[in-house]
Asks: 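Attaching a single structure in structure tokens format; questions to follow.
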2 protein chains.
Amino acid sequence: MYPESPAARGEAAAVPLRRRGEALESAIFEATLHQLTTVGYARLTMEGVAACAQTGKAALYRRWPSKEALVMDALRACLPPARTAPDTGSLRGDLIELVTRMRTAMFSETGAAVRAIMNELDHQRAHAFLEIVVARVVEPTTRLIAEVLARGELRGEVRPESVTPLVTDVVPALMIYRIKMGCGVLGQPDAEAIVDEVLLPIVQLP
Amino acid sequence: MYPESPAARGEAAAVPLRRRGEALESAIFEATLHQLTTVGYARLTMEGVAACAQTGKAALYRRWPSKEALVMDALRACLPPARTAPDTGSLRGDLIELVTRMRTAMFSETGAAVRAIMNELDHQRAHAFLEIVVARVVEPTTRLIAEVLARGELRGEVRPESVTPLVTDVVPALMIYRIKMGCGVLGQPDAEAIVDEVLLPIVQLP
DNA sequence: TCCGTAATGAACGGTTGTGTTCATAATTTT
DNA sequence: AAAATTATGAACACAACCGTTCATTACGGA
């Protein structure tokens, strides 16, 4: 059915026909993120997730009482842990490394699912996700940017009063906007352009 | 029913009980924008728009074959015409006036509906709206910003190589992001902060 | 091997929404 | 005034989905 048959894999050991426990939950979480990305939270259905995970609705309802609970657990399980700020020796180097990482994260499957959720935060039905998005995505991002800028300040490269909440929002905002406007991967500015055209002019000492 | 009765308005002239033609279409467009804002495009239904406009589905289907066609016509009808760039005599003044206007537009009913559509451009079902959003919202905005910056350049206030497509995207991107993150009206940066903290440092000559 | 547990696929009653049709009534045009 | 047009509200068959239940089967552990 879903795992390959023993014959197909050429293995002597018996391979289970059914997933159970954590293996099934992983598949369900993966299907959940995929559905978030393709149809959004508004149109995500338990039936759709079950079909995508190649299981039955009953297996979902045994674990989660609602679509919201399922999506919340899927996000919790798949969001990456906090990262440390890069330290390349120069402000520009740090910023380019950081923006490159942000870019990679945004184009990952988890990143795409998070963007889908963020698109719906304006609506009542997705409001419950604001907290997790802020705590696990927005604030860690802001913190990393602020950390890099603080180190740059110690090196005498950053204008102290330039680091405001507005400024630390600029890069994620810009990247999300460009993705949304349909620029695609090829149309995305590279990390160097973002740093050199936007961020450095704002923060660096003349 | 929906228009007030003659007695309620104290008028001698007979007031129609039913809206027809353009009056009905205006009501339907208004209901459409309202539904976009409250439930989003994904969950907008013909039935919901009809109920909100206090009319019947048949009146909608007589005019529009689908939800997409209705929403497209509603946007076309309600998007404001192009504006001219402000000219206050200084770069900073122009930018503040422009950002103030953008802010007003974003918090208008039409603006909220456009933001709702923009949130869904990542998804296949709303992809048809990319063109109108770019042509009637994004490009006019970008053009105004570029115009103000060009005038600033003539005045010797703007660093010529600073005006890039990335830079002209910064302000709308930032405003949309802040709204989405639930800052609400009170948490929005005022136009002066956006101009002084973000845009001017990028573009102005030292 | 046996037993308890969990997965599977199907079915169910109920709700919501689609696109259509229709009888009636309101309104405009002739 | 009569005819034509359009709005209104209701109803319809169908599809999709919800949340639940169930019989059967697979699987892990004792």
Side-chain angles (χ1 to χ4, degrees), chain A residues 1-7 11 13-32 34-36 38-73 123-125, chain B residues 1-7 11 13-32 34-36 38-73 123-125:
Chain A
M1 204 178 289
Y2 3 91
E4 284 144 332
S5 66
E11 289 185 6
V15 177
L17 288 177
R18 293 179 175 180
R19 295 152 305 173
R20 281 169 88 94
E22 290 197 8
L24 182 59
E25 278 172 34
S26 285
I28 292 169
F29 286 156
E30 200 173 309
T32 302
H34 187 258
Q35 289 293 102
L36 274 178
T38 52
V39 304
Y41 182 73
R43 307 248 38 139
L44 177 139
T45 62
M46 297 298 260
E47 209 159 288
V49 170
C52 192
Q54 290 175 318
T55 187
K57 281 195 285 183
L60 268 56
Y61 282 109
R62 281 188 68 249
R63 295 166 167 79
W64 299 284
S66 65
K67 150 177 155 173
E68 176 181 308
L70 166 60
V71 170
M72 195 70 82
D73 273 6
H123 298 294
Q124 181 60 29
R125 68 185 165 253
Chain B
M1 203 178 290
Y2 5 90
E4 284 143 332
S5 64
E11 290 185 6
V15 177
L17 290 175
R18 294 179 176 182
R19 296 152 304 176
R20 280 172 90 92
E22 290 198 8
L24 182 59
E25 278 173 33
S26 286
I28 291 169
F29 286 156
E30 199 174 310
T32 302
H34 187 257
Q35 290 292 102
L36 274 177
T38 52
V39 305
Y41 182 73
R43 308 252 32 142
L44 178 139
T45 62
M46 297 298 260
E47 208 161 288
V49 171
C52 191
Q54 290 175 316
T55 187
K57 280 194 286 184
L60 268 58
Y61 282 108
R62 281 190 66 248
R63 296 165 166 76
W64 298 285
S66 65
K67 149 176 157 176
E68 176 180 307
L70 165 61
V71 170
M72 194 71 79
D73 273 6
H123 299 295
Q124 181 60 29
R125 67 185 167 253

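Letters go in sequence order (proteins before strands), and every chain restarts at 1. When reading the values below, keep in mind they use all heavy atoms of this one structure, side chains included, and skip hydrogens, waters and symmetry mates.
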Asks: What is the minimum heavy-atom distance between B/V71 and B/Y41, and which atoms define it?
Replies: CG2-CE1, 3.8 Å
Asks: When the distance from CG of B/L70 to P of C/dG17 is rounded to whole Å, what number comes out?
Replies: 16 Å
Asks: Using modelled atom types and a 3.5 Å cut-off, is there a donor and acceptor pairing between side-chain atoms of B/K67 and backbone atoms of B/L44?
Replies: yes
Asks: In this structure, how many angstroms lie between the C1' atom of D/dT21 and the CG atom of A/L60, rounded?
Replies: 16 Å
Asks: In whole angstrom, what separates A/R63's CZ from C/dA6's P?
Replies: 9 Å
Asks: Check whether more than 12 heavy atoms from other residues, nucleotides or ligands sit under 6.0 Å from atom NE2 of A/H34, and answer yes or no.
Replies: no
Asks: Counting only side-chain nitrogens and oxygens, does B/T55 get under 4.0 Å of the OP1 or OP2 atom of D/dT8?
Replies: yes
Asks: Rounding to a whole Å, what distance do you find between B/W64:CH2 and C/dT20:C1'?
Replies: 18 Å
Asks: Return the value, rounded to whole Å, for the distance between atom CD of B/Q54 and atom P of D/dG9.
Replies: 9 Å
Asks: Nearest to the side chain of A/A58, which nucleotide is it out of D/dC18, C/dT20, D/dT21?
Replies: D/dT21
Asks: With rounding to the nearest 0.5 Å, note down the distance linking NE2 in B/H123 to CG in A/L36.
Replies: 8.5 Å
Asks: Going by heavy atoms in the side chains, are B/L70 and B/I28 under 4.5 Å from each other?
Replies: yes
Asks: How close or far is atom P of C/dA6 from atom CD of A/E22, stated in whole angstroms?
Replies: 14 Å
Asks: Tell me whether B/R125 contacts the main-chain N or O of A/V39 through its side chain, where contact means a donor paired with an acceptor under 3.5 Å.
Replies: yes
Asks: Over all strands shown, is A/G48 touching base, sugar-phosphate only, or nothing at heavy-atom distances under 4.0 angstrom?
Replies: nothing
Asks: Tabulated below should be each protein N or O lying under 3.5 Å from an N or O of nucleotides 27-30 of chain C; please produce it.
Replies:
unit_1, atom_1, unit_2, atom_2, d
C/dT27, OP1, B/L17, N, 2.2
C/dT27, OP1, B/R18, N, 2.9

Asks: Could you state the atom-to-atom distance from CG of A/L24 to P of C/dG9 in whole Å?
Replies: 11 Å
Asks: Does A/R62 place a side-chain N or O at less than 4.0 Å from the phosphate oxygens OP1/OP2 of D/dT21?
Replies: no
Asks: Less than 4.5 Å apart, any side-chain heavy atom of A/R43 and any of B/R43?
Replies: yes
Asks: At a heavy-atom distance below 4.0 Å, what parts of residues 40-47 of chain A sit against DNA chain D?
Replies: A/T45, A/M46, A/E47
Asks: Partners of A/E25 by side-chain hydrogen bond (donor to acceptor under 3.5 Å, both in side chains), sequence neighbours excluded?
Replies: A/R63
Asks: What heavy-atom pair brings B/Q54 and B/R19 nearest, and what distance separates the two atoms?
Replies: O-NH2, 2.9 Å
